[in-house]
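Notes to accompany the following structure.
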2 protein chains.
Amino acid sequence: MIENLPPNTVERLSNYRRKLLSYPFQEKPFIHSHRLAHLLKINPAHVRRDLMLIGFTGDVHKGYEIEKLIIEIGKAIDCQHKRKVAFIGIGDLGRAVAEAFNHDDSKLEVAATFRLTAEPEIQFQNVHCYNVSKMKQIIRQKKIDLAVIALPNADVDEITKLIVDAGVKGILNFTSAHLKVPETVFVENYDMMSKLEKLSYFTNE
Amino acid sequence: MIENLPPNTVERLSNYRRKLLSYPFQEKPFIHSHRLAHLLKINPAHVRRDLMLIGFTGDVHKGYEIEKLIIEIGKAIDCQHKRKVAFIGIGDLGRAVAEAFNHDDSKLEVAATFRLTAEPEIQFQNVHCYNVSKMKQIIRQKKIDLAVIALPNADVDEITKLIVDAGVKGILNFTSAHLKVPETVFVENYDMMSKLEKLSYFTNE
DNA sequence: AACTATCTGTTAACTAATTCACAATAAATT
DNA sequence: AATTTATTGTGAATTAGTTAACAGATAGTT
């Protein structure tokens, strides 16, 4: 892991990697900054700068060696160990996010899912789905430290307190609530309605 | 509509409104900038600056009158007419986003949904779900100009071309593809995996 | 009536993010 | 061998976003 990368750079590196993994690098093992930038609809200088930040250098003429680049991005942004993720709420949204995981061979692993309804405890994609009452215990036991909250906005404060107590250090929050967490916990909010209203605003001829 | 608001301000205004709508303003009709900021976990100066940008003024002691503020935010960021939105892909993710709509009385209306599988044409939450083959025709006919793409990444380029030709001016893109659109079309990308990888990076003790 | 406390509105300072622009380099071409 | 062309790596400039700071205002208090 390379320390102190800017947040947006980390996100872009993740995007570069995903894009490159689906790029035919067996046939074309090198890529230029402007080509990659074009694929991602961003500025070529951005690509070069981001790669500079992780100390990856390309060939002045051939460009960047894709296979090596994928590995170096991993060294820069992945953890050594697999991170375990809990999914809280496994309705449409929770399932959608969890499915995205399974198509992706990342260092992140769905370790447990939880839901509010008591009955019954089901399996979801080979992962056990517990009732939230067991959340604290399971998160502690399995040493889970990331969580995705994808619940209709009920009782989110209570749930947040629980999982933070149990050791969760990062939360991807799909509810429109604004979570109360200690400073040590990193929260990434995503509110679909505000994205849509933004879209509406910026497309008004 | 107030022109030239910064993108982040538009998003925050949308958040203020939603938060205020669920605030007991019948009993407490006024709110201070620091109180609203606290609820949203942001800086009070931010709230004041955003409201300044839409020309809304508060009372030096009582604060901002919530009911009026909600209306003024509407005037600032909503369109006059209802905007029609098409949902393309109505799997777990598409349904989740569409559901979020129905709990929200915004100026945005789900006008049609589309899916890849041919059979049968179903109803989803009182909205007809068509096969994508009819997309261009329906979007034109119903004068839809916003779209949410929530598909597993197949053929997204082709679909994008189709809907842009049909008149769509804004796209909320949940696929990890980077859409090829003319400059006049506004695209908002949301890639869950990169958000999660960012979370993982910034919570690595 | 003077004083205190507090909040808005706004300017200014600051920080982060993006983009420009170009030296350095080396392959390809003349 | 000289010239052209194209690309990286990076400092500098620019733009966007956030936060600090405070004048001005006014209710409440002494």
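It should be emphasised that the depicted structure is a prediction, and the values quoted were computed from it without experimental measurement. First the proteins, then the strands, lettered A, B, ... as listed; each starts at 1. FYI, side chains are in, hydrogens and waters are out, and symmetry mates aren't considered; it's all heavy atoms of this structure.
With sequence neighbours left out, A:Asn131 forms a side-chain contact (heavy atoms from CB on, under 4.5 Å) with A:Ala118, A:Glu121, A:Ser133. Remark: A:Phe30 engages no residue in a ring-ring contact (aromatic ring centres under 6.0 Å, His included) (not counting sequence neighbours). With sequence neighbours excluded, the residues that form a salt bridge (Lys or Arg N to Asp or Glu O under 4.0 Å) with A:Lys68 are A:Glu65. A:Ser176 meets the side-chain contact (heavy atoms from CB on, under 4.5 Å) test with A:Asn153, A:Asp191, B:Arg18; sequence neighbours excluded. For A:His61, there are no ring-ring contact (aromatic ring centres under 6.0 Å, His included) partners at least two apart in sequence or on another chain.
Pairs engaging residues 169-183 of chain A under the salt bridge (charged side-chain N to carboxylate O under 4.0 Å, His left out) rule: A:Asp157-A:Lys180 [sequence neighbours left out]. Evaluation of the salt bridge (charged side-chain N to carboxylate O under 4.0 Å, His left out) test over residues 34-54 of chain B, restricted to residues two or more places apart or in two chains, returns B:Arg12-B:Asp50. Residue pairs satisfying the ring pair (Phe, Tyr, Trp, His ring centres under 6.0 Å) criterion with at least one member in residues 31-55 of chain A, sequence neighbours excluded, are listed as follows: A:His32-A:His34.
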Counting primed atoms plus P, OP1 and OP2 as sugar-phosphate and everything else as base, spell out the protein contacts along nucleotides 21-30 of chain C at 4.0 Å heavy-atom distance: B, S or - for each nucleotide, 5' to 3'. B---BBS---

Distances under 3.5 Å only, N/O to N/O: pair up the protein atoms with those of nucleotides 12-14 of chain D.
| residue | atom | partner | partner atom | Å |
| --- | --- | --- | --- | --- |
| D:dA12 | N6 | A:Arg49 | NH2 | 3.4 |

Quick one: side chains of residues 159-166 of chain B, donor-acceptor pairs under 3.5 Å with protein atoms, not counting sequence neighbours, listed by atom name and distance.
| residue | atom | partner | partner atom | Å |
| --- | --- | --- | --- | --- |
| B:Thr160 | OG1 | B:Val156 | O | 2.7 |

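Of the residues in residues 30-38 of chain A, those placing a heavy atom less than 4.0 Å from an atom of DNA chain D are A:His32, A:Ser33, A:His34, in numerical order.
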